[in-house]
Amino acid sequence: MELLDGKKILGEIKLELSQKVQNYIQKGRRAPCLVAVLVGDDGASQTYVASKERNSIECGFTSRALRFDASMTEDALLLEIEKLNADPEVDGFIVQSPLPKHISAQRVFDAINPEKDVDGFNTINSGRLMKGMNSFVPATPLGIVELLKRYNIDTQGKHCVVIGRSDIVGRPMSILMSLPSQFGNATVTLCHSKTKDLKQFTLQADIIIAALGKPEFLTGDMVKDGAVVVDVGITRIDDNTKKSGFRLSGDVKFDEVAPKCSFITPVPGGVGLMTIASLLQNTMKAYEAKNNL
Ligand code: GUN
């Protein structure tokens, strides 16, 4: 069993990006700029946004977070998005989800200029992905493909079972893995809460991507020997022995599943960090496209 080390790959990608940034700056250009918009005070979102900001800056990007109160109206948020769309200094921006209930997340994502939509949540980018066109791909599924790529994991003709059909992970993941490309071409089964006898599918899988958000859901008896297992879960579980008051739990029962795997991602230190890596790569892609580089 080998760990798919998100921390190591994030480090490699940050190094590649910072070298590009230095090169562009030496040529007299400004640095790429990523902005994160955060509405409300969800604890996990605050942590993610702070991490996105820190990692961007470590690559030499400029980055800032715009923080707004949970009572902000949808119209006020749409106005902020218009400003970011119009700002020539901003290459890409994201609106962190979840948003407060009174705001339509899809209306907000669709207000983002598709050229700056580095989270790939805009309907135009989703449509382009579906058609196999050049697009911004949501950072978590993109990060998973990058991780498989960097460990030379062959996906051609393999049976990939994705568990979970969210807009952010499961559904785009199933499309990416099925695309006719070097790191796609898999036979994909998309399982979800209404799937009957899930285990019959997971037991056939060469690659399992668990993205349902249920701690330790995938157990050893559900996985065949030699499978590649990617754990997207990051649920916070109360834990008084931790300084933060919680620990992170994946969707995979690691101790049972890991011994059966050829490769597996740890939680933390796996997919979560690859999400950041892909967001940074998408920001560089937006910057390069804008400047015809
Ligand atoms: N909420 C959970 N994951 C994500 C993400 O990748 N981007 C945004 N904007 N919100 C999220």
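Residues: numbered from 1 along the sequence shown. Counting convention: from 1, in listed order, for ligands and their atoms alike.
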Gln96 N/O under 3.5 Å from ligand 1 N/O: yes
Salt-bridge criterion met for Lys224 and Asp206 (N-O under 4.0 Å): yes
Under-4.0 Å heavy-atom contact with ligand 1, by part of Tyr48 that carries it: neither
Lys83: partners by salt bridge (charged side-chain N to carboxylate O under 4.0 Å, His left out), with sequence neighbours left out: Glu80
Proximity of Leu279 to ligand 1 by residue part, where a heavy atom lies under 4.0 Å: neither
Pairs of donor and acceptor atoms involving the side chains of residues 86-95, under 3.5 Å and at least two apart or interchain, shall be tabulated with distances.
unit_1	atom_1	unit_2	atom_2	d
Asp87	OD1	Glu89	N	2.9
Asp91	OD1	Arg30	NH2	3.0
Asp91	OD1	Lys290	NZ	3.3
Asp91	OD2	Arg30	NH1	2.9
Asp91	OD2	Cys33	N	2.7

Ring geometry between Tyr287 and Tyr24 (parallel below 30°, tilted from 30 to 60°, perpendicular above 60°): tilted
Short N or O distance, Ser97 and ligand 1, threshold 3.5 Å exclusive: yes
Geometric N/O contact Asp119 with ligand 1, under 3.5 angstrom: yes
Geometric N/O contact Ile94 with ligand 1, under 3.5 angstrom: no
Arg64 vs Glu53, salt bridge (Lys or Arg N to Asp or Glu O under 4.0 Å): CA-CA, chis, key distance, verdict: CA-CA 6 Å; Arg64 63 194 147 94; Glu53 212 181 342; over 6 Å; no
